[in-house]
Participant: 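Can you keep this structure in mind? I'll have questions shortly.
Just so we're on the same page: letters track the sequence lines, and every chain starts at 1.
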Protein chains: 2
Amino acid sequence: MAAKGGPQDKRPRRRAGSLSSMQQAGSEPALSIERIVATAIELLDAEGVGGLKMRRLADRLGAGAMSLYWHVDNKEEVFDLALDSVLEYRGPPQIEAADWRAEIVHMLEDWRASMLRHPWSASLLPRRALGPNILSRLELLGRTLSEAGVAEADLNGAIWSLWNYVIGATITRANFDLSDDDMAAAQQRLAHLSEKYPTIERVRLLLDNDWDGAFRKGLNFLLDGLVPGQ
Amino acid sequence: MAAKGGPQDKRPRRRAGSLSSMQQAGSEPALSIERIVATAIELLDAEGVGGLKMRRLADRLGAGAMSLYWHVDNKEEVFDLALDSVLEYRGPPQIEAADWRAEIVHMLEDWRASMLRHPWSASLLPRRALGPNILSRLELLGRTLSEAGVAEADLNGAIWSLWNYVIGATITRANFDLSDDDMAAAQQRLAHLSEKYPTIERVRLLLDNDWDGAFRKGLNFLLDGLVPGQ
DNA sequence: ACCTGAACACCGTTCAAGT
DNA sequence: ACCTGAACACCGTTCAAGT
């Protein structure tokens with residue numbers, strides 16, 4: 001298991017010309033990895049990890065049930081490709097401000113936002129191979145931290161601390177988002193157990209959280225500690 | 001979805017006497033939720049989330065394939081019970097030192113260690129219901145933070161920041177642990193792409209990480225920020 | 001009350017075959 | 001080169017039936 005889709009990929013690339021014979025009006029365009037990945041993401045967004053089924057994906061592509069297996073080795077590869085596709089980073093906004101702190105915060109908030117747009121993605125990321133897009137993000141993060149003055153020996157630790165925080169925050173947020181009703185129900189039930197859990201009942205831990213604010217706050221505390229000077 | 005296994009549970013509890021008719025030497029003891037959960041944890045530890053199958057679980061219990069369904073609604077409940085069972089907290093060591101910082105660090109490191117002993121558990125936790133054991137941990141964490149001087153209005157944010165960090169660190173660590181070879185292979189491949197990823201190649205991001213040290217360091221930075229005074 | 005096997009619906013994947 | 005349906009192995013769960 002590892003970064004797939006690199007240049008060593010032996011998957012076929014369709015040449016621009018020579019569209020396949022049947023191209024009548026209204027018929028679907030031919031299959032391609034791009035279409036497969038795009039449709040897989042649609043399906044995942046709509047129905048979650050459990051909703052991605054090879055037959056259903058083929059159906060939605062207007063293809064025969066088993067056609068996918070010519071383009072893709074197996075379902076795992078679909079996951080890998082969909083995941084990395086969702087993690088593309090378009091770079092910092094506007095002009096370089098040369099403000100490393102703002103840059104890092106932007107990078108990490110953008111990363112989190114990208115994953116929250118596809119709530120299945122964050123849970124998947126730690127379990128799957130590191131694709132080129134996530135590697136680029138890590139590279140950029142590492143370079144910026146280094147420029148900001150983090151010692152070479154501390155760089156690994158700093159990158160992983162931030163990774164851990166972003167991943168944890170996003171996975172938690174994404175899952176709570178999916179089950180707001182459940183959390184409300186759970187908080188209800190907590191009320192009946194207030195002798196056992198008085199504190200988290202009192203502060204209504206399971207409700208009304210300012211996730212975005214809490215995320216940025218914790219992130220700033222981490223950066224205060226991880227990056228010297230400033 | 002919510003905290004299950006509470007006192008409102010309508011699952012049968014076997015009365016101490018009246019062992020079922022067949023209890024010949026060498027035969028398995030009768031089924032019980034306790035045995036089911038314990039064996040499920042064994043299976044999960046040995047084979048990961050994908051290795052838990054209802055038939056296999058029944059087999060290992062020496063029971064007929066479908067006997068489990070009398071004790072348990074479905075597979076999800078097995079997951080919920082196994083997960084919370086693994087999260088029991090036995091409290092701080094020795095005498096109360098009244099040192100909140102040490103107490104919190106101990107609680108969170110113990111939490112992480114409990115999950116690392118069962119590498120499937122961390123990934124599961126954010127997706128599943130909050131059982132009594134994890135709720136107790138959150139309650140204790142909240143109470144300690146409160147005693148340490150965190151304002152009532154900041155308590156939610158502080159608890160979730162720590163949750164996020166612990167969850168992210170543990171999920172990442174558990175998964176990298178499972179695939180050390182993969183990471184080595186990935187780092188190898190990175191070497192070939194050092195023009196694209198020079199920084200993370202140079203610091204060997206995917207290798208030789210001091211996970212435990214990095215965890216404690218980041219945790220301390222978070223606590224520095226989250227808890228006033230000190 | 002507790003356990004069981006047969007059966008169903010479903011899913012990922014292989015394969016031999018089509019064009 | 002690209003697509004296809006039939007078939008296989010497997011899995012969660014229901015159900016009617018046993019004791």
Side-chain angles (χ1 to χ4, degrees), chain A residues 1 9-24 27-37 39-40 43-44 47-82 124 128, chain B residues 1 9-24 27-37 39-40 43-44 47-82 124 128:
Chain A
M1 209 128 314
D9 207 334
K10 78 288 185 196
R11 199 90 26 239
R13 321 221 158 264
R14 63 180 34 259
R15 272 160 266 122
S18 85
L19 290 174
S20 53
S21 39
M22 298 301 268
Q23 195 67 0
Q24 60 227 30
S27 90
E28 314 278 348
L31 284 180
S32 67
I33 317 191
E34 293 77 22
R35 281 192 68 224
I36 292 175
V37 172
T39 309
L43 243 173
L44 286 163
E47 322 221 19
V49 214
L52 180 58
K53 284 139 193 200
M54 294 303 268
R55 288 172 222 253
R56 193 122 66 112
L57 179 53
D59 227 55
R60 221 160 148 134
L61 285 159
M66 300 295 101
S67 311
L68 300 177
Y69 285 93
W70 194 88
H71 299 268
V72 146
D73 279 348
N74 47 37
K75 195 182 172 180
E76 300 228 315
E77 188 176 342
V78 179
F79 273 125
D80 284 337
L81 293 173
L124 229 48
R128 307 299 319 164
Chain B
M1 207 129 314
D9 207 334
K10 78 288 187 195
R11 198 91 26 239
R13 323 218 158 266
R14 65 179 31 262
R15 270 159 267 122
S18 84
L19 290 175
S20 53
S21 38
M22 298 300 267
Q23 195 69 358
Q24 62 227 32
S27 88
E28 313 279 348
L31 284 180
S32 66
I33 318 192
E34 292 77 22
R35 280 192 70 224
I36 292 175
V37 171
T39 309
L43 243 173
L44 286 163
E47 322 223 19
V49 214
L52 180 59
K53 284 139 193 201
M54 294 302 269
R55 288 173 222 252
R56 192 120 67 111
L57 180 53
D59 227 54
R60 221 160 149 135
L61 284 158
M66 300 295 100
S67 311
L68 299 177
Y69 285 92
W70 195 88
H71 300 268
V72 145
D73 279 348
N74 47 37
K75 195 182 174 181
E76 300 228 316
E77 189 175 343
V78 179
F79 274 124
D80 284 338
L81 294 172
L124 228 49
R128 307 300 317 165

Participant: Whole-Å distance between dT4(D) C1' and Leu57(A) CG?
Facilitator: 16 Å

Participant: Distance from Ile36(A) atom CD1 to Leu81(A) atom CG, nearest 0.5 Å?
Facilitator: 9.0 Å

Participant: If only side-chain N and O atoms of His71(A) are considered, is one of them under 4.0 Å from the OP1 or OP2 phosphate oxygen of dC3(D)?
Facilitator: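 Answer yes for this pair, as a side-chain N or O of His71(A) is under 4.0 Å from OP1 or OP2.
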
Participant: List DNA chain C stems (3 or more consecutive Watson-Crick/G-U pairs, under 3.5 Å)?
Facilitator: C:4-8 with D:12-16, C:12-16 with D:4-8

Participant: Any side-chain heavy-atom pair from Val78(B) and Leu68(B) closer than 4.5 angstrom?
Facilitator: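 No. Closest side-chain heavy atoms not under 4.5 Å.
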
Participant: When rounded to the nearest 0.5 angstrom, what is the spacing between OH in Tyr69(B) and NZ in Lys75(B)?
Facilitator: 8.5 Å

Participant: What does nucleotides 12-19 of chain C look like as a protein-contact string, B for base, S for sugar-phosphate only, - for none, at under 4.0 angstrom between heavy atoms?
Facilitator: BBB-----

Participant: Is it the case that the side chain of Thr39(B) and the backbone of Arg35(B) share a donor-acceptor pair, with hydrogens and angles ignored and the cut-off at 3.5 Å?
Facilitator: yes

Participant: Tell me the salt bridge (charged side-chain N to carboxylate O under 4.0 Å, His left out) pairs involving residues 50-59 of chain B, sequence neighbours left out?
Facilitator: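 Every salt bridge (charged side-chain N to carboxylate O under 4.0 Å, His left out) pair that includes a residue of residues 50-59 of chain B, provided the two are not neighbours, is Glu47(B)-Arg56(B).
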
Participant: Between atom CH2 in Trp70(A) and atom C1' in dC3(D), what is the gap in whole Å?
Facilitator: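 Atom CH2 in Trp70(A) sits about 10 Å away from atom C1' in dC3(D).
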
Participant: Within this structure, what is the CG-CZ distance for the pair Asp80(A) and Arg128(A), rounded to the nearest 0.5 Å?
Facilitator: 4.0 Å

Participant: In whole angstrom, what separates Leu68(B)'s CG from dC2(C)'s C1'?
Facilitator: 13 Å

Participant: Could you tell me if the side chain of Met54(B) sits less than 4.5 Å from the side chain of Met66(B), heavy atoms only?
Facilitator: no

Participant: I want to check something: taking the side chain as every heavy atom from C-beta on, are Leu31(A) and Trp70(A) in contact at a cut-off of under 4.5 Å?
Facilitator: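 No, side chains not in contact.
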
